[in-house]
Amino acid sequence: MRTPHLPADAATPEETAPRWRIAVSGLGRAGVAYAMAIAGHPGCQLAGLVDPRADRRAFAKGAGFKVPIVASLASLLQRAAPQALVVCGASSTRAADVRAGIDAGLATLADGRLAETAQEADALATALRDARALVACGGAPLLHPLFRRAGEWLAAGALGPLVRVQTSAYVSRVFSAASRPANRDVIDPMADDALMLLDGLVGPAQAGEVRAQALYGNGPDELHAELVLQAGATASLDLSWSVPGYPRPAIVVEAEGRRGRLLASDDAIELELHEPAAGLQAGAHQVAAGEWGPQAPFEAGEPSMVLAAFVQALDGDPATAALLDAQRGLRVARLREAIRAATPVVAARVTP
Amino acid sequence: MNATVPRLVLSILSLDLPVRASRERLLEMTGRYREAESLAVGLVKALDAGAEAVCAVPSAPLRGALTALKKPLPVLARLPLTPPALDLREDHWLMREPRERNEAGFGLEGAAQRVALLPAAITGDVSARVAARIDQESGAWPTRSRAGLLLCAPVTDLVLAAGHARALERLLRHGRSRFGLAGLETRNPGWLLARLHEWGIEPDFVLAPIDPLGTAMTPDAETTRAEMQRGSVRLLASEVRGGGPTALEAGARDALDRGAWGLAADLVELSDLSSDLRGLAAMLASRSR
């Protein structure tokens with residue numbers, strides 16, 4: 001039997017020694033979850049925690065993390081020797097935090113978002129070329145086993161040339177002005193995961209026409225964007241955080257090609273092929289959720305899956321590293337800004 | 001205290017929280033039990049079929065159902081509340097302070113326990129924050145329905161990951177002082193069982209996902225099953241169907257065979273509430289402890 005090991009305490013000799021000392025920058029909701037995931041990963045040791053806000057540092061200390069908890073990365077580098085950094089601080093400082101990790105020579109993972117603006121993305125592109133260690137960016141959807149399977153089929157050309165791709169991301173959260181987070185709209189936080197997934201499954205896209213609706217405040221609560229894929233096919237993106245029936249966020253991708261049609265979500269994949277392709281027979285193919293074991297050795301939400309993939313990439317797994325490609329993060333930052341720029345100004349029609 | 005730990009629990013957590021099930025099934029259940037009256041009918045059926053307690057978030061529909069029932073219903077209350085909308089916040093949800101003065105622990109009820117938590121509060125220990133929330137969120141909860149506290153997995157797993165044994169001890173003491181029984185919900189059963197053994201901490205029960213495929217058994221199925229065999233903690237197995245692929249009876253039998261004390265079956269896992277619960281009750285009765 002393997003003895004469970006949490007690096008908060010001393011490891012027993014028979015256990016796998018932690019290979020990676022990883023620090024976390026940004027102690028919000030995601031940062032705390034990453035700290036948990038690192039502490040529970042047998043291949044990792046939590047090296048330290050960084051956040052400029054004193055209340056967040058106090059919270060992490062009160063939660064019991066017995067590692068250096070400091071206000072800046074520079075301070076952490078003096079007190080600990082991390083090999084890698086997970087960046088999950090505020091969007092406004094995201095690119096600067098990633099840059100700090102790169103400049104310190106640390107392998108760096110950006111949680112979901114690499115940069116806030118296209119200008120920041122362009123600046124980071126230069127830094128990425130000079131990076132001495134792995135720089136990664138990713139969110140959980142592209143790492144979900146069902147979407148990974150869908151991506152493998154698409155990459156193998158199961159559908160043939162794509163004709164049309166539709167992507168929707170829905171969650172039931174905002175149903176009044178009071179429940180709308182201040183200074184945010186549906187693009188932030190929902191666009192990044194959907195755009196990263198779309199890019200990972202069918203490649204880069206450019207923004208076309210955008211329509212938006214404001215339901216409970218000034219700014220989009222629902223958005224529809226027409227996109228053009230690099231390969232020429234059209235794609236669409238629908239985002240809403242005000243639709244009933246989605247207590248859990250749900251992203252659905254529907255792709256239509258010359259050889260068939262694919263519908264993928266975190267519930268199931270349905271593939272319908274008109275002819276044999278990519279080693280698959282013609283006809284209907286289905287894969288349901290629940291056919292896999294735990295996606296990470298410690299469950300702390302989506303960050304567990306991303307952290308586990310980051311460790312696999314650090315260990316040299318090229319397929320997983322490709323799913324965390326930082327270039328995708330740069331493309332998505334630019335595309336998100338283009339969508340925002342094309343989004344018409346909308347004011348609330350309903351203010352209950 | 002352990003003698004009163006229920007062995008068959010109906011979980012209605014899926015009415016308020018995302019659980020491992022298909023979206024269609026979740027919507028079907030939330031639609032069916034949206035009204036307090038229909039929920040009350042379901043709860044009565046469950047108790048008649050052999051459920052000894054209900055595991056729930058103390059929500060408004062449940063309070064309505066309890067009022068409609070006009071009789072005590074043993075509830076294992078999952079606290080603190082973790083509504084899905086917390087994922088829109090940038091800060092960790094426990095960072096928000098209780099809003100009212102009496103929520104922070106100045107009331108007369110449980111004064112001794114609050115004094116015991118004073119050092120934790122002064123040092124900013126997470127246990128003081130959590131205890132204040134438990135008091136705040138259970139304030140409107142009928143005392144007669146308090147069968148036990150189920151400390152929610154986001155708290156259990158946070159202090160588990162941080163290796164904060166004292167916080168768990170304090171919270172279990174606090175829970176017992178308020179609810180009689182105090183248990184731990186976790187998404188990391190193998191880790192938690194091992195740590196509890198190592199730390200010498202004995203919750204009244206643990207509620208965790210256990211299924212034949214090991215779908216959510218971290219760090220892995222093998223380790224978790226080995227920890228279950230130790231049998232030092234009364235484990236209520238949840239999600240025995242692993243989100244769908246396993247039949248209810250097979251999942252329940254597997255969990256009990258591997259050392260689970262009892263079963264916590266959620267509404268989304270039951271095709272027919274009464275007959276499925278009767279089947280589980282019979283399975284439990286056939287096993288001598």
Side-chain angles (χ1 to χ4, degrees), chain A residues 1-9 27-33 35-40 42 46 53 55-56 58-66 90 171-174 179-181 184 189 241 245-250 265 267-268 288-294 296-301 304, chain B residues 16-18 20 22-24 26-27 30 84-95 120 123-129 153-154 157-167 187-188 190-191 193-195 198 213-223 226-227 241-246:
Chain A
M1 162 199 158
R2 269 177 44 191
T3 304
H5 148 69
L6 289 172
D9 291 344
L27 295 177
R29 183 174 51 83
V32 171
M36 294 167 64
I38 294 166
L46 186 60
R53 277 176 50 185
D55 59 339
R56 284 182 167 183
F59 175 76
K61 186 181 173 196
F65 289 106
K66 299 169 194 70
V171 68
S172 308
R173 292 291 183 272
V174 176
S179 62
R180 205 172 194 275
R184 295 175 82 183
W241 61 9
Y246 292 86
R248 196 175 62 195
S265 72
D267 259 356
E291 296 180 11
W292 293 269
F298 191 92
E299 171 54 44
S304 290
Chain B
D16 296 282
L17 302 168
R20 196 182 294 268
S22 72
R23 202 176 72 79
E24 286 68 24
L26 281 172
L27 293 180
T30 50
L86 291 174
D87 64 10
L88 288 181
R89 292 188 185 155
E90 297 282 354
D91 281 339
H92 192 280
W93 59 280
L94 277 172
M95 284 186 64
T123 59
D125 191 277
V126 72
S127 57
R129 291 175 187 267
D157 291 340
L158 173 63
V159 295
L160 172 66
H164 196 355
R166 285 197 69 187
R187 304 296 306 172
N188 295 284
W191 294 115
L193 294 176
R195 273 295 188 254
E198 182 185 323
L213 300 177
T215 308
M217 291 159 64
T218 64
D220 53 56
E222 179 196 356
T223 303
E227 290 296 332
R241 298 188 58 189
T246 302

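Throughout, protein chains are lettered first and strands after them, A, B, ... in sequence-line order, and every chain is numbered starting at 1.
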- Message: Check whether K61(A) reaches the backbone of R56(A) with its side chain - one donor and one acceptor, N or O, closer than 3.5 Å.
- Response: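 It does not hold such a pair.
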
- Within the side chain of R173(A), is there an N or O that forms a donor-acceptor pair under 3.5 Å with the backbone of P247(A)?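 Answer holds: yes.
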
- Just do the side chain to side chain contact (heavy atoms under 4.5 Å, CB included) check on E90(B) and R29(A) with the steps written out, would you? CA-CA 6 Å; E90(B) 297 282 354; R29(A) 183 174 51 83; over 6 Å; no

- Message: Please evaluate residues R53(A) and D91(B) with respect to the criterion salt bridge (charged side-chain N to carboxylate O under 4.0 Å, His left out), reporting the C-alpha separation (whole Å), side-chain torsions for both, the decisive distance (0.1 Å), and the verdict.
- Response: CA-CA 11 Å; R53(A) 277 176 50 185; D91(B) 281 339; 2.9 Å; yes

Is chain B contacted by the side chain of [X], its backbone, both, or neither, given a heavy-atom distance below 4.5 Å?
X	answer
S179(A)	backbone
A35(A)	neither
V171(A)	neither

At a 4.5 Å cut-off on heavy atoms, which part of [X] comes close to chain A: side chain, backbone, both, or neither?
X	result
S22(B)	both
N188(B)	side chain
L17(B)	neither
L88(B)	both
D87(B)	both
A216(B)	backbone

- Task: Give the intermediate values and the outcome of side chain to side chain donor-acceptor pair (under 3.5 Å) for residues D267(A) and S265(A).
- Result: CA-CA 5 Å; D267(A) 259 356; S265(A) 72; 5.1 Å; no

- With sequence neighbours excluded, tell me which residues meet ring pair (Phe, Tyr, Trp, His ring centres under 6.0 Å) with H164(B).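 Ring pair (Phe, Tyr, Trp, His ring centres under 6.0 Å) list for H164(B), sorted by chain: empty.
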
- Pairing residues for F65(A) by the ring pair (Phe, Tyr, Trp, His ring centres under 6.0 Å) criterion, not counting sequence neighbours: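 With sequence neighbours excluded, F65(A) shows a ring pair (Phe, Tyr, Trp, His ring centres under 6.0 Å) to no residue whatsoever.
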
- Query: Which one of G62(A), A268(A), A33(A) has the most heavy-atom pairs closer than 4.5 Å to chain B?
  - Reply: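 Option with the greatest count: G62(A).
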
- Task: For each of G301(A), G28(A), P294(A), tally heavy-atom pairs with chain B at distances under 4.5 Å, and name the one with the top tally.
- Result: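 The residue among G301(A), G28(A), P294(A) with the greatest pair count is P294(A).
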
- Task: Assess whether side chain to side chain contact (heavy atoms under 4.5 Å, CB included) is satisfied between F59(A) and R129(B), documenting all intermediate values.
- Result: CA-CA 10 Å; F59(A) 175 76; R129(B) 291 175 187 267; 3.7 Å; yes

- Under 4.5 Å, counting heavy-atom pairs only, tell me which of G243(B), G124(B), P84(B) racks up the most with chain A.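 Result: the option with the highest number of such pairs is P84(B).
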
